[in-house]
Amino acid sequence: METRYIFITGGVVSSLGKGIISSSIGKLLQARGYRITIQKFDPYINIDPGTLNPYEHGECYVTADGMETDLDLGHYERFTGIETTCDNSVTTGRIYLSVIERERRGDYLGKTIQVVPHITDEIKRRILLNATKQELDFVITEIGGTIGDIESAPFMEAIRQLRWQLGRDAVCVHLTYVPYLKAADELKTKPTQHSVKELQAMGIQPDILVLRTERHLDDAMRLKVASFCNVDLECVVQSEDMPSIYEVPVSMQQQGLDAAILRKLGIPVGERPAMKPWHEFLEKQRRASREVHIGLVGKYDLQDAYKSIRESLNLSGIYNEVRTKLHFINSEEITAKNVGEKLEGMQGVLICPGFGQRGIEGKILAAEHCRTHDVPTFGICLGMQMMVIEFARNVLGYKDANSSEMDSTTTHQVIDLMEEQKAVTQMGGTMRLGAYDCQLLEGSHAMEAYGGDTLVRERHRHRYEFNNQYQSEFEAAGMRCTGVNPAANLVEIVEMPAKRWYIGTQFHPEYSSTVLHPHPLFMSFIKACIDGTTEA
């Protein structure tokens with residue numbers, strides 16, 4: 001069939017969960033056998049979020065082809081299992097850069113460059129791009145921000161034009177908020193009415209409304225919204241708070257959101273798919289009662305900063321029949337005197353990724369405590385590098401060992417800049433990004449975790465690497481390099497076979513963990529954490 005387009009917009013306030021709704025719609029359409037992709041259009045002027053502080057925008061997610069993107073693409077992949085690319089993440093910055101570069105080349109033949117039609121045409125081109133590269137039944141496009149934002153106006157105009165051009169091949173799903181006023185003991189629909197009115201003023205009539213609410217909305221409330229907003233009653237769906245974001249697709253299916261979309265597009269609805277694997281996962285989640293306590297040692301005290309790591313740990317816990325209780329431990333507050341107290345009660349510790357000097361000494365102290373007390377430990381990217389530095393300082397005896405990122409004058413740069421990175425002058429999009437091969441060592445813990453696979457492919461986001469000049473010294477002293485990139489001989493995994501579970505990865509395995517296929521390293525780590533108590 002012809003590709004259909006679903007546009008997801010948001011109103012009233014931000015952070016309502018457009019990414020979760022987009023992912024849920026994608027999952028429901030997949031369950032019906034349709035081929036889908038989901039893309040995010042962000043109104044900010046940055047080319048990508050790669051240079052943004054996590055406090056500004058949360059986690060930076062990386063696609064397999066090396067695009068630094070918004071964390072919502074992580075939701076898309078975890079829910080649906082699709083592999084997104086650079087074409088699934090677009091910002092205002094990328095749109096304007098493309099148009100300006102064409103203008104500089106003279107492609108517009110001297111015309112005056114304007115928001116309409118040049119910027120809006122480029123937005124439309126990007127929206128349609130994925131369907132020209134692969135066979136897709138549905139393209140779901142989430143527009144970041146909130147209706148009324150100045151920077152999102154060109155995107156709204158592009159959607160208005162596209163809906164007119166596509167006719168019945170496009171629908172708009174608008175997500176709004178229905179607040180509860182405690183003093184009046186009432187739910188209020190007026191913000192939703194105003195949000196829809198503003199959308200209509202831009203020339204867009206929403207086909208379906210998803211009402212974000214903390215309290216259940218009765219049919220009378222839904223009918224009121226439908227009447228005031230020119231929407232069919234069956235197309236007014238509520239998104240209540242759920243115990244888990246993974247219950248949202250089931251709730252949306254029960255209310256007929258996917259069926260409403262198909263009817264609006266003139267597609268036969270047919271039988272409701274069973275989604276058996278998804279329901280089996282949710283049942284595992286409900287049954288899990290035993291807790292496993294994991295310490296996250298990092299410097300960003302913000303839940304979204306380590307979103308994919310948190311979700312990967314939670315998913316792997318569920319498949320190991322436990323509830324993963326995560327404890328954020330600020331590495332800036334860890335000292336030699338309090339490290340035991342900070343990590344007390346942790347059955348496992350994950351040393352988080354990051355950039356820069358701040359908080360690294362606390363990570364090194366945490367790595368030392370875990371190594372000497374045989375606490376299951378997982379270091380990711382910078383976390384792995386801190387495990388390497390700690391080992392060099394306290395086992396090899398190189399007291400000044402460090403990364404050249406942190407101290408360019410140290411005589412023992414056990415972590416050093418990649419050769420091809422030494423000529424780089426710009427920060428954005430210039431790291432080692434995307435998926436690379438990793439050859440696993442026979443008989444290693446890593447190979448066992450991967451189920452015996454000898455070659456895996458994982459995603460990266462870093463500039464600095466393990467310095468191979470020290471490899472023989474590390475291995476002789478008990479830290480082995482058990483994963484290596486076969487093309488460049490770069491160390492991807494280090495581990496200590498004498499410990500119960502002490503593994504560091506230069507890559508980011510959390511980017512590849514999904515609801516139905518949790519990552520094997522996270523699965524193995526959680527299993528090690530629950531297999532016995534520690535002295536932490």
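Here the structure is a predicted model, which means the values were calculated and not measured. Just so you know, these numbers use all the heavy atoms, side chains as well, and skip hydrogens, waters and symmetry mates. Counting from 1, the numbers follow the sequence of the chain as shown.
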Parallel under 30°, tilted from 30 to 60°, perpendicular over 60°: which one fits the rings of F378 and W501? perpendicular
Applying the side chain to side chain donor-acceptor pair (under 3.5 Å) test to S251, which of Q255, E247, Q253, Q254 qualifies? Q255
Distance, nearest 0.5 Å, that separates SG of C60 from CG of L52: 8.0 Å
Any carboxylate oxygen within less than 4.0 angstrom of a Lys/Arg side-chain nitrogen, looking at D137 and R32? no
Whether E83 and R457 form a salt bridge (side-chain N of Lys/Arg under 4.0 Å from carboxylate O of Asp/Glu) is what I want to check. no
May I ask you to say whether E142 pairs ionically with K40, meaning some side-chain N is under 4.0 Å from a carboxylate O? yes
Nearest 0.5 Å, please: how far is CD1 in I208 from CD1 in I8? 8.5 Å
Can a salt bridge be assigned to the pair R461 and E68 using a cut-off of 4.0 Å between side-chain N and carboxylate O? yes
Criterion salt bridge (Lys or Arg N to Asp or Glu O under 4.0 Å) against E333, the qualifying member of K363, K342, R358: K342
Straight-line distance of L175 CG to L209 CG, nearest 0.5 Å: 9.5 Å
Nearest-0.5 Å distance, CD1 of residue I47 to OG1 of residue T92: 10.0 Å
Spacing of OG belonging to S312 relative to OH belonging to Y306, to within rounding of 0.5 Å: 14.5 Å
When rounded to the nearest 0.5 Å, the distance separating SG of C438 from CZ of F507 is 5.0 Å
Does a side-chain N-to-carboxylate-O contact under 4.0 Å join R215 and D241? no
May I ask you to check whether H519 and Y450 place their ring centers less than 6.0 Å from one another? yes
